[in-house]
Amino acid sequence: MKEQLQAILTEVENAIPGIVKRSDFEAFKATISGPKGKLTDILKGMKNVPKEDRPAMGKLINEYKTQIEAFYTQALENLDALELAALIGPPIDPSLPSPDPAPGLLHPLTQTRRRMDDVFRKIGFTVAEGPEVETEWFCFDALNTPEDHPARDEQDTLFMPEDAKMGNVSKRGEERYILRSHTSTVQIRTMLAEKPPLRIISPGRVFRRDTSDATHSANFHQCEGLYIDREVTIKDLKAVLDYFVAEIFGKGSKVRLRPSFFPFTEPSFELDMMTPNLGKLSNQWIELGGCGMVDPKVFDAVGINSGKWTGFAFGMGVERIAMILHGIDDIRHFYNNDLRFLRQFA
Ligand code: DAH
């Protein structure tokens with residue numbers, strides 16, 4: 001009997017280290033302690049043991065049973081450890097440098113803005129910036145749009161509360177502050193800060209009281225342009241814009257200037273573009289923005305001699321250009337932070 005018990009104990013002891021699956025453990029345990037197991041058989045055989053030998057025999061079996069169960073416990077601990085290790089992966093060496101994070105990417109609007117910057121930089125424009133919170137004077141008055149001018153209605157919207165702190169925005173008289181409705185404000189800031197000749201673009205965020213839909217957003221981006229020199233003509237304006245659209249939309253792209261009205265340019269034009277390179281959008285005029293020759297009244301407002309200097313200005317929508325370039329049909333995609341959309345621009 002003792003040999004049999006010892007043989008079972010040895011078998012268990014030898015088998016346990018090789019068991020790596022819970023189902024294997026259960027199957028093995030059944031061969032020992034299950035209803036038809038070897039240890040169970042011995043227990044069943046107790047009834048044939050003479051009565052006087054039973055207490056000693058029972059004690060012996062219990063001792064072996066306790067040892068066998070200790071091996072079972074150890075086997076289960078091994079299995080727990082193995083499963084945990086599988087869950088947390090290979091061991092970590094904390095002294096190694098951390099792995100590179102997944103590469104980020106620039107937002108499609110930033111990518112588009114940078115492309116536009118690059119094109120204009122090549123022909124001598126520099127990038128100028130202005131604040132997003134402006135006074136009415138920079139946004140309208142200096143741009144030849146006095147308070148009672150009808151052109152002002154459309155953009156005369158997002159005013160700041162009286163007590164808002166505006167950082168370093170200069171305050172003229174009792175003016176109210178407004179979220180700028182166009183980047184044309186930077187024309188004025190540039191002309192006040194620097195002397196002609198000037199050649200700047202100014203990309204940036206603008207605000208309108210628009211209800212958001214597929215083509216409108218209360219917050220979007222424009223790129224302003226201003227070119228001042230002696231004897232600048234509409235031919236120069238057209239040449240710059242032709243160059244710009246050919247660089248952005250590819251060879252064969254052209255510009256059409258459609259007579260229009262803006263208070264700060266005279267004459268003024270809508271700026272349309274046509275390209276053969278854009279699939280469904282090819283070969284039709286698409287509006288990109290507005291432009292014209294700087295109105296002498298704007299020069300007067302900033303103290304530039306309009307007898308000596310002439311210039312042109314333009315303003316374009318950055319979203320508009322990105323949407324045309326990438327065939328995006330809803331402006332709201334730009335602002336939703338949906339990685340499925342954004343990852344397409346990696
Ligand atoms: N500021 C105009 C707008 O937001 C766009 C514009 C038109 C800008 C003509 C210009 C310009 O510089 O000359 O609607």
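These numbers were taken from a predicted model, which means no experiment stands behind them. In each ligand, atom 1 is the first atom listed, and ligand 1 is the first ligand listed.
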| request: In sequence, state the C-alpha distance, the side-chain angles, and the governing distance for Glu287 and Arg258, and then conclude on salt bridge (charged side-chain N to carboxylate O under 4.0 Å, His left out). | output: CA-CA 10 Å; Glu287 195 180 312; Arg258 186 158 39 92; 3.4 Å; yes
| query | Quick one: which ligand 1 atoms are inside 4.0 Å of a heavy atom on Gly292? | reply | 13 (O)
| field | Side chain proximity check, Leu179 to Val133, heavy atoms < 4.5 angstrom | value | yes
| message | Taking the basic N atoms (NZ, or NE/NH1/NH2) and the acidic carboxylate oxygens, is any pair closer than 4.0 Å for Asp117 and Arg113? | response | yes
| field | SB check Asp141 Arg152 (cutoff 4.0 Å) | value | yes
| task | Measure the distances from the heavy atoms of Met316 to every atom of ligand 1 and state whether one is below 4.0 angstrom. | result | no
| task | Would you mind listing which atoms of ligand 1 come within a distance below 4.0 Å of any non-hydrogen atom of Gln187? | result | 12 (O)
| said: Is the contact between Ser184 and ligand 1 made by the side chain, the backbone, both, or neither, using heavy atoms and a 4.0 Å cut-off? | reply: side chain
| Contact atoms of ligand 1, heavy-atom distance to Gln222 under 4.0 Å | 3 (C), 4 (O)
| field | Distance flag, aromatic centroids of Phe120 and Phe314, threshold under 6.0 Å | value | yes
| query | Hey, is ligand 1 close enough to His182 that some N/O pair sits below 3.5 Å? | reply | yes
| query | Is Asn336 close to Phe341 at the side-chain level, that is, under 4.5 Å between some pair of heavy atoms? | reply | no
| task | Within a distance under 4.0 Å of any heavy atom of Ala313, pick out the atoms of ligand 1 and give their elements. | result | 12 (O), 13 (O)
| request: Around atom 8 (C) of ligand 1, find the nearest protein heavy atom and jot down its residue, atom name and distance. | output: Gly315 N, 3.4 Å
| Which of the ligand 1 atoms, numbered from 1, are nearer than 4.0 Å to a heavy atom of Phe262 | 7 (C), 9 (C)
| message | Closer than 3.5 angstrom, by distance alone: can the side chain of Arg199 be matched with the main-chain N or O of Ile123 as a donor-acceptor pair? | response | yes
| request: Please determine if Phe264 has a nitrogen or oxygen closer than 3.5 Å to a nitrogen or oxygen of ligand 1. | output: no
| atom 12 (O) of ligand 1: nearest protein contact (heavy atom, Å) | Glu224 OE2, 2.6 Å
| request: Among all protein heavy atoms, pick the one closest to atom 14 (O) of ligand 1 and tell me residue, atom and distance. | output: Arg208 NH2, 3.8 Å
| field | side-chain contact (heavy atoms from CB on, under 4.5 Å) partner of Val245, the single match among Thr275, Ile321, Leu288 | value | Leu288
